[in-house]
Amino acid sequence: MGDPGNAGVNIYRRQFVSVCPADGDAIVYTLEIHSAHMVRVEHINIALALEANAFHEDIADRLFERFGGEQRVTATHQGVEIETRRGFS
């Protein structure tokens, strides 16, 4: 058996598209969630569907509020790579 003090981690990855409210570009994002708890994939998919038209940093804030853990959201917009992290110490 493993160490009872080590709860382990679940990692969830998903690509999604959101339209930038500023310029109308459809941007492909990658979300990665690290969580000690189970996150239902249905809940991830619903949360991402609600982000169909939003700014990158706002998406990251709402996803972190909803799922917690450690999260990374990445995308490239107008040639600029953006990586937003939430929950890392």
I need the [X] [atom1] to [Y] [atom2] distance, nearest 0.5 Å.
X     : Y     : atom1 : atom2 : value
Asn45 : Arg40 : CG    : CZ    : 11.5 Å
Phe67 : Arg62 : CZ    : CZ    : 12.5 Å
Asp25 : Gln78 : CG    : CD    : 6.0 Å
Ile59 : Leu50 : CD1   : CG    : 11.0 Å
Ile27 : His56 : CD1   : NE2   : 9.0 Å
Ile44 : Arg13 : CD1   : CZ    : 11.5 Å

Heavy-atom side-chain contact between [X] and [Y] under 4.5 Å:
X     : Y     : answer
Ile11 : Ile33 : no
Val41 : Arg14 : no
Asp61 : Arg66 : no
Met38 : Tyr12 : yes

Start with the C-alpha distance between His37 and Asn10, add both sets of side-chain angles, then the distance that settles side-chain contact (heavy atoms from CB on, under 4.5 Å), and finish with yes or no. CA-CA 7 Å; His37 306 285; Asn10 302 306; 5.6 Å; no
Pair Arg72 + Glu70, salt bridge at N-O below 4.0 Å: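 Answer for the salt bridge query: no.
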Glu42, CD: over 12 other non-hydrogen atoms inside 6.0 angstrom: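 Enclosed.
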Stepwise, does the side-chain contact (heavy atoms from CB on, under 4.5 Å) test hold for Val73 with Glu83? CA-CA 6 Å; Val73 179; Glu83 178 175 325; over 6 Å; no
Closest contact, heavy atoms only, [X] versus [Y]:
X     : Y     : answer
Ser18 : Ala54 : OG-N, 3.2 Å
Gly69 : Phe64 : O-CE1, 3.2 Å
Ala60 : Arg86 : O-CG, 3.9 Å

Quick one: do Leu48 and Leu63 satisfy side-chain contact (heavy atoms from CB on, under 4.5 Å)? Show the steps, please. CA-CA 8 Å; Leu48 296 179; Leu63 292 173; 3.9 Å; yes
